[in-house]
Amino acid sequence: MVATFFKGLASTGAWACFDEFNRINVEVLSVVAQQLQTLLERKRAQDYEFDFEGSLIFMKPTFSVFITMNPGYAGRTELPDNLKALFRAVAMMVPDYAVIGEIKLYSFGFEHARDLA
């Protein structure tokens with residue numbers, strides 16, 4: 001089922017973002033990792049016509065996959081190393097809304113923006 005989804009993504013050159021990716025069972029992650037590894041290796045090699053899971057596909061170079069994770073929560077699994085290697089980690093944090101408000105107020109011409117924010 002996932003292979004069919006990846007075939008469609010690769011053939012159309014679409015992007016996909018899998019939210020909460022580390023909530024998937026380890027067994028499923030292993031299969032997904034192998035399929036993604038095949039697709040991304042072909043993309044890096046600029047080999048856009050190949051056999052994938054029994055079908056000849058023509059991958060468009062705009063194809064890409066992104067994932068989001070929330071590590072440390074109950075029920076989350078650690079990603080296998082072969083899957084970790086396919087993605088780049090980006091750390092996110094909660095923005096400081098007071099500083100954002102202060103800067104916006106200054107940009108609108110308020111002279112005492114710090115007090116107002």
Exercise. When clusters are formed by joining ILVMFWY residues with side-chain heavy atoms under 4.5 Å apart, either directly or through shared neighbours, do Met59 and Phe5 land in the same one?
Worked result: yes
Exercise. Which residues pass the salt bridge (charged side-chain N to carboxylate O under 4.0 Å, His left out) test with Asp47, sequence neighbours left out?
Worked result: Arg42
Seminar exercise, completed: Taking every heavy atom of Ala3 against every heavy atom of Phe52, the minimum-distance pair comes out as O-CE2, 3.7 Å
Exercise. Which residue pairs satisfy the salt bridge (charged side-chain N to carboxylate O under 4.0 Å, His left out) criterion with at least one member in residues 51-60, sequence neighbours excluded?
Worked result: none
Seminar exercise, completed: Tracing side-chain contacts under 4.5 Å among Ile, Leu, Val, Met, Phe, Trp and Tyr outward from Leu56 reaches Phe58
For this session: Please list, chain by chain and in numerical order, all residues satisfying ring-ring contact (aromatic ring centres under 6.0 Å, His included) with Phe21, sequence neighbours excluded.
Result: Phe18
Problem set entry | Full working for side-chain contact (heavy atoms from CB on, under 4.5 Å) between Leu39 and Glu41 | CA-CA 6 Å; Leu39 291 169; Glu41 282 176 356; over 6 Å; no
Exercise. How far apart are the closest heavy atoms of Lys43 and Pro61, and which atoms are they?
Worked result: CE-O, 3.2 Å
Exercise. Who are the side chain to side chain contact (heavy atoms under 4.5 Å, CB included) partners of Ser11, not counting sequence neighbours?
Worked result: Ile57
Seminar exercise, completed: Output for pair (Leu116 CG, His112 NE2), nearest 0.5 Å, gives 8.5 Å
For this session: Output all residues satisfying side chain to side chain contact (heavy atoms under 4.5 Å, CB included) with Leu36, sequence neighbours left out; order by chain, then residue number.
Result: Phe6, Val32, Val65, Leu83, Leu86, Phe87
For this session: May I ask you to list the residues sharing a hydrophobic cluster with Val99, side-chain cutoff 4.5 Å, ordered by chain and number?
Result: Ile103
For this session: Check the pair Cys17 / Thr68 against side-chain contact (heavy atoms from CB on, under 4.5 Å), numbers first and verdict last.
Result: CA-CA 7 Å; Cys17 183; Thr68 67; 3.9 Å; yes
For this session: Among residues two or more places apart or on two chains, list those pairs meeting salt bridge (charged side-chain N to carboxylate O under 4.0 Å, His left out) that have a residue in residues 91-117.
Result: Glu102-Arg114
Exercise. Which residue pairs pass the salt bridge (charged side-chain N to carboxylate O under 4.0 Å, His left out) test with at least one member in residues 84-94, sequence neighbours excluded?
Worked result: Glu78-Lys84
Problem set entry | Members sharing Val31's hydrophobic cluster (side chains within less than 4.5 Å) | none
For this session: Mind jotting down which residue pairs meet the ring pair (Phe, Tyr, Trp, His ring centres under 6.0 Å) criterion with at least one end in residues 26-48? Sequence neighbours excluded, please.
Result: none
Problem set entry | With sequence neighbours excluded, residues passing side-chain hydrogen bond (donor to acceptor under 3.5 Å, both in side chains) with Asp81 | none
Exercise. About how many Å separate CG of Asn22 and CD1 of Ile67, when rounded to the nearest 0.5 Å?
Worked result: 7.5 Å
Exercise. Between atom CH2 of Trp15 and atom CG of Leu9, what is the distance when rounded to the nearest 0.5 Å?
Worked result: 12.5 Å
Exercise. To the nearest 0.5 Å, what is the distance between CD1 (Ile24) and CE (Met69)?
Worked result: 11.0 Å
Problem set entry | Spacing of Ser64 atom OG and Leu40 atom CG [to the nearest 0.5 Å] | 7.5 Å
